[in-house]
Amino acid sequence: MVVTSLKLQDLIEEIRGAKTQAQEREVIQRECAHIRASFRDGDPAQRHRQLAKLLYVHMLGYPAHFGQMECLKLIASPRFTDKRVGYLGAMLLLDERHDAHLLITNSIKNDLSQGFQPVQGLALCTLSTMGSADMCRDLVPEVEKLLLQPSPYVRKKAILTAVHMIRKAPELSSVFLPPCTQLLQEHHHGILLTTMTLITELCEQSPAALRHFRKVVPQLVQILRTLVTTGYSAEHSIAGVSDPFLQVQILRLLRILGRSHEESSEAMNDLLAQVATNTDTSRNAGSAILFETVLTIMDIRSAAGLRVLAVNILGRFLLNSDKNIRYVALTSLLRLVQSDHGAVQRHRPTVVECLQETDASLSRRALELSLALVNSSNVRAMIRELQAFLEYCPPDLRADCASGILLAAERFAPSKRWHIDTILHVLTTVGTHVRDDAVANLIQLIGGARELHAYSVCRLYSALANDISQQPLVQVAAWCIGEFGDLLLEGNCEETEPLQVEEEEVLALLEKVLQSHLSLPATRAYALTALMKLSTRFRGDNNRIRQVVSIYGSCVDVELQQRAVEYNTLFRKYDHMRAAILERMPLVERGGTRVEEEEKESNKAAQLSEAAAPVPAEPQASKLLDLLHLLDGSSGEAPCPPPQDPPPGGTLVHLLDLPCAPAPPAAIPDCKAFERDGVQLNLSFIRPPETPALLLITVTTTNSSGGDVTHFTCQAAVPKSLQLQLQAPSGDTVPARSSLPITQLFRILNPNKAPLRLKLRLTYHHLGQSVQETFEVNNLPVETWQ
Amino acid sequence: MIQAILVFNNHGKPRLVRFYQRFPEEIQQQIVRETFHLVLKRDDNICNFLEGGSLIGGSDYKLIYRHYATLYFVFCVDSSESELGILDLIQVFVETLDKCFENVCELDLIFHMDKVHYILQEVVMGGMVLETNMNEIVAQIEAQNRLEKAEGGLSAAPARAVSAVKNINLPEIPRNINIGDLNIKVPNLSQFV
């Protein structure tokens, strides 16, 4: 190789020197070619440099997958330098989806058991970053051993690796649960911190572990107390607070352990009160601890006084000048608003003030919290604030704010008029951001409030006259004007200033909407229909309307064209019906959610299928119901007459006689259901292959006796989960010793493959006697329903 | 859990990219770009918390960032981490870098990307906080660096030899040695001195 490849530093220099993206790509591609060649046949001692360069290039976004195998080779090398880069490469380039990752398992195993400490640390780090479930299971014994090794450096890493392993393979928690008790007695903060994480993970995964660890609550309280009361410790303190990270982890764990458990909560009460009152919050670290304390207090079963203290602390933080603190305070209050609504309500004024923050994150949090705080007593004030916010809030919050206001208005509106006003205001301010169903909701609302029709139409008309660009508003206004145009003309609405409107003005406005390029096709459709309705509401002649309608008969938009043509026809040919057709709309039923509709549909479907199940055109329906009852009761009621072997040839012949029976795919054996005095009932079964849930039974009644069988009827019943349909029998008479049997076809639908049970009731006249037999067929072959 | 740690400069060039959850490479780059755009929009006197973009996690994830001179340090975390705690953690990380690199600046991060990764591995492992005691971290890193130097023995030999030769104090060499009729021209060895 004549051209030597660059050192990492030089490569970086060159990349930085590249003036354009293309130049940079060129440099990198050249270097990658070198790296590839070097991997193939280069000096093994230099391999780690090559991989380091590759990792740099990878960070910039260039493909580096050809380095994956090199990582493996470097990890297997005995040198620490090689292992370091190799493991880093494995963490950055390999993951579970590549098969190569399993190859590292052996190297990791060796390094964990025989390597010296830094190497063990590297191996643990890699395992905890990209270890798959299989790898974790393989390496459990090694990691477990390292948990109890003397060196804290390796132990803390082993503990965190255990957390990762439990996440990937939850069954391993039983392995890592026992060492925890011993680990809690360590003094090294690194070990304690990681042990807290491990215990937290164990408790979150299994309730049994949670119960087990409740026993260590006193120990945790002691550790925390020591931390709180210890003065300055050079090693771990941040801004004068000793190891805030460990304190926060302990508080978190206490929260999980004390949740809905009286005893544990009690054990922590004093300590929490102490921390809450004594923590110095002039620096960030202290505030972090205080927040965790507050959240823990609110989550466990703490004394009422303590809870009040906690919420007041949050309220105080809301007034803090540090924006981060305010943000966290708002987030915490949001978490509490469900459980402690009353306490949070007290801070409502401060929250509302936060709406005016310029910071987008803060105002978003404040908005969420404000919406959660709206209730029936403060709804007017809150919505007023929120409406004011809506006018100047940043664009990405508008949609949320609008839908929030509409939802709150729907839930807590004190009066219909207020509700309509609120929705109107939202539509005028941010009409384009509201949800699609806002229009339908408003129309429904207005339609339902008879006394407000005049009021609504006046207000909507004024709003429309001002601005025809907000589509939802225009749609609602057009609908209203169309419906209540006569009320508009009367202009005697007592709640707003009287509006003197002429017919021509209204028509002109609607035409403007029709012609405006700002109007969506749906809006135009609304306007056209409104115009048409006005033809009956207004008393003037309808020339103008007719003109507009006929113009749109040749509109490009198909929907509009269709409407216009229909309306035109209404004018020309069906003028006598026009008034009736264009009457006031009846109130539309509030459509429930789709789920309700589906339920209704499925209910209807169920009813239909139930109706289909009973035998059609059966005169003795009540007796049939009795049969059904009997069948659904306990099994094995009516004794079945002992079956005799039917002549196999005979039934096959009957089978072939049947007009509508398709060829059986796999012959199901026939079964003889009944025999008495020469009268025999045979069942033959067919299951069409294309509809496996369907079973066709042909009931063949033969008479080998000397007397005729007359007035023969056969009724049947099946369990409720199956559906039965009886077709008309071929006849009701079987002459004596005849080869002309009565056949009847039963159709049974068995979609759930439930076991088939069949009860039959026969009535006939035979040998001068009236015979009635009710029995269950209990030798049905299994193939009929499996 | 910490999902990702990103360090990039004021122009969006990545200086350190570490993900603790698996994403394909293109998505990783997209996340870096998206995060940069989100963070760039923020003024300097507002809070350090951002709702995450759409690519990285969902509504549960937040971006917690700090701006130091020309670099943004961004930690993407889920709701199980304390937000103020992470702010302190970023501070610990940066101070550790400072101790390891002697007044760290952006160039140090650029030219020693691998070393920065090794330092980060001592602070955060597998998305969880491992150690926050700066002295311990620095001691470990220095021990590992010494190991590397000791091993570098063989491959660093040519470099050492050159620097050893450079440091030899050679006596003054005459340019011309005149011995009677012989005139020996001594080649110029100055480049090795």
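Chain A is the first sequence line, chain B the second, and so forth, proteins listed ahead of strands; every chain is numbered from 1.
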Go through [options] and name the one with the most non-hydrogen pairs under 4.5 angstrom from chain B.
options	value
A:Val248, A:Leu362, A:Leu60	A:Leu60
A:Thr200, A:Thr197, A:Thr129, A:Asn284	A:Asn284
A:Lys323, A:Arg283, A:Met59, A:Arg84	A:Arg84
A:Gln117, A:His164, A:Arg167	A:Arg167
A:Pro118, A:Cys125, A:Gly190, A:Ala64	A:Cys125
A:Val328, A:Leu88, A:Leu93, A:Val85	A:Leu88

Kindly assign one of parallel, tilted or perpendicular to the pair A:Phe317 and A:Phe291, based on the angle between their ring planes and the thresholds 30° and 60°. parallel
Which portion of [X] sits near chain B, non-hydrogen atoms under 4.5 angstrom:
X	value
A:His65	neither
A:Tyr62	neither
A:Leu92	both
A:Tyr327	side chain
A:Met91	both
A:Arg326	neither
A:Thr126	neither
A:Tyr56	both
A:Pro78	backbone
A:Glu13	both
A:Thr194	side chain
A:Asp243	side chain
A:Leu246	neither
A:Leu251	neither

Contact origin within [X] toward chain A - heavy atom pairs under 4.5 Å:
X	value
B:Gln140	side chain
B:Met113	side chain
B:Glu83	side chain
B:Lys13	side chain
B:Val32	neither
B:Leu16	backbone
B:Arg15	both
B:Leu107	side chain

Does [Y] offer a backbone N or O that forms a donor-acceptor pair with the side chain of [X] under 3.5 Å?
X	Y	result
B:Asn9	B:Thr70	no
B:His67	B:Ala69	yes
A:Arg16	A:Leu11	no
B:Gln3	B:Cys76	no
B:Glu122	B:Ile137	no
A:Asn320	A:Ile325	no

For B:Tyr72 and B:Phe36, I'd like to know if the aromatic rings sit close, meaning centre-to-centre distance below 6.0 Å. no
Determine whether the aromatic ring centres of B:Phe49 and B:Tyr65 lie less than 6.0 Å apart. no
Evaluate side-chain contact (heavy atoms from CB on, under 4.5 Å) for B:Leu97 paired with B:Leu109, printing each intermediate quantity in order. CA-CA 9 Å; B:Leu97 286 177; B:Leu109 294 189; 4.0 Å; yes
Would you call A:Glu292 and A:Arg255 a salt bridge, using N to O less than 4.0 angstrom? yes
So, A:Lys156 and B:Glu136, do they make that salt bridge, N to O below 4.0 Å? yes
Test of understanding: with side chain to side chain contact (heavy atoms under 4.5 Å, CB included), list the residues that count as partners of A:Asp82, not counting sequence neighbours. A:His48, A:Leu74, A:Ser77, A:Arg79
Any B:Leu84 side-chain heavy atom under 4.5 Å of B:Leu87 side chain: yes
Is A:Thr296 close to A:Arg252 at the side-chain level, that is, under 4.5 Å between some pair of heavy atoms? no
What's the shortest heavy-atom distance between A:Gly86 and A:Leu51, and which atoms? CA-CD2, 4.1 Å
Closest non-hydrogen atom pair, A:Ile256 against A:Cys203: CG2-CB, 4.1 Å
Using a 4.5 angstrom heavy-atom cutoff, name the option from B:Val92, B:Val17, B:Leu130 with the most pairs to chain A. B:Leu130
Among the options B:Glu81, B:Gln21, B:Gln91, pick out the one with the most heavy-atom pairs lying under 4.5 Å from chain A. B:Glu81
